[in-house]
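Taking it in order: structure first as structure tokens, then the write-up.
For this chain, numbers begin at 1 and follow the sequence in order.
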Amino acid sequence: MSQEIWINLPVKDVERSTAFFNEIGFQAVSMGNERAKLAIGQTTILLFPDTVFEKFTGSKIADTSHSAEVIFSIGAKSREEVDTFIQKVEFAGGSIFGKPSETDGWMYGAGFADLDGHRWNLLYMDESKMPKR
């Protein structure tokens with residue numbers, strides 16, 4: 001069985017979303033006016049217009065202004081990477097729902113929503129400070 005996973009994500013404007021993700025440092029490439037491919041590490045996320053996504057899935061998309069359907073968590077290499085990344089998100093037009101902060105003395109992260117309200121989390125974990133069991 002293949003071990004590749006492609007995540008399909010509905011967006012209102014593929015071009016605008018592609019530009020946003022490139023601006024914050026991801027690699028997004030257009031695949032025509034119907035979709036774009038977003039690569040984050042070894043994960044591929046395909047961006048589809050809302051109507052194409054609804055036709056493909058046979059159901060309505062979630063209203064991200066009132067609910068969250070998923071949160072994408074991405075590992076960071078340092079606290080500074082979290083801070084720099086969140087600044088890029090703000091500049092590119094994303095919204096921050098969780099300012100950079102520390103949790104439990106060993107995790108540092110922040111949360112943001114992209115242009116379509118999909119939620120993302122960037123997290124640095126200082127394993128040297130992780131509680132031992």
Q) How would you list, by chain and number, every residue that makes a salt bridge (charged side-chain N to carboxylate O under 4.0 Å, His left out) with Glu80, sequence neighbours excluded? A) none
**Q.** Residue that, paired with Phe85, satisfies ring pair (Phe, Tyr, Trp, His ring centres under 6.0 Å) out of Phe112, Phe91, Tyr124
**A.**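 With Phe85 as partner, ring pair (Phe, Tyr, Trp, His ring centres under 6.0 Å) holds for just one option, Phe112.
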Compare all side-chain heavy atoms of [X] with those of [Y] and state whether any distance is below 4.5 angstrom.
X: Leu47; Y: Phe21; result: yes
X: Arg119; Y: Val70; result: no
X: Tyr108; Y: Ser78; result: no
X: Lys12; Y: Asp50; result: yes
X: Leu46; Y: Leu9; result: no

Q | Glu102 with Arg79: basic N within carboxylate O range, under 4.0 Å | A |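 Salt bridge between Glu102 and Arg79, a charged N being under 4.0 Å from a carboxylate O: yes.
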Q) Stepwise, does the side-chain contact (heavy atoms from CB on, under 4.5 Å) test hold for Val29 with Thr18? A) CA-CA 7 Å; Val29 292; Thr18 301; over 6 Å; no
Q: Under the side-chain hydrogen bond (donor to acceptor under 3.5 Å, both in side chains) rule, collect the residues that match up with Asn22, sequence neighbours excluded.
A: none
Q: Could you tell me whether a side-chain N or O of His118 sits under 3.5 Å from a main-chain N or O of Pro10, the two making a donor and an acceptor?
A: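 Present.
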Q: Measure from the side-chain N and O atoms of Thr43 to the backbone N and O of Ala39, and report whether any donor-acceptor pair falls under 3.5 Å.
A: no
Q: Start with the C-alpha distance between Thr44 and Leu38, add both sets of side-chain angles, then the distance that settles side-chain contact (heavy atoms from CB on, under 4.5 Å), and finish with yes or no.
A: CA-CA 6 Å; Thr44 299; Leu38 174 60; over 6 Å; no
Q) Going by atom types only, do Asp116 and Ser17 share a side-chain donor-acceptor pair under 3.5 Å? A) yes
(Q) Tell me which pairs pass ring pair (Phe, Tyr, Trp, His ring centres under 6.0 Å) where either residue lies in residues 40-75, with sequence neighbours left out. (A)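 Qualifying pairs: Phe72-Trp120.
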Q: Decide yes or no on side-chain contact (heavy atoms from CB on, under 4.5 Å) for Lys60 and Glu54, but give the supporting numbers first.
A: CA-CA 5 Å; Lys60 291 285 193 188; Glu54 286 178 345; 3.4 Å; yes
Q. Taking atom CD of Glu69 as the centre, does the number of heavy atoms from other residues, nucleotides or ligands within less than 6.0 Å exceed 12?
A. yes
Q.
With rounding to the nearest 0.5 angstrom, report the CG to OG1 distance, Leu123 to Thr103.
A.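 If we round to the nearest 0.5 Å, Leu123:CG and Thr103:OG1 are 8.0 Å apart.
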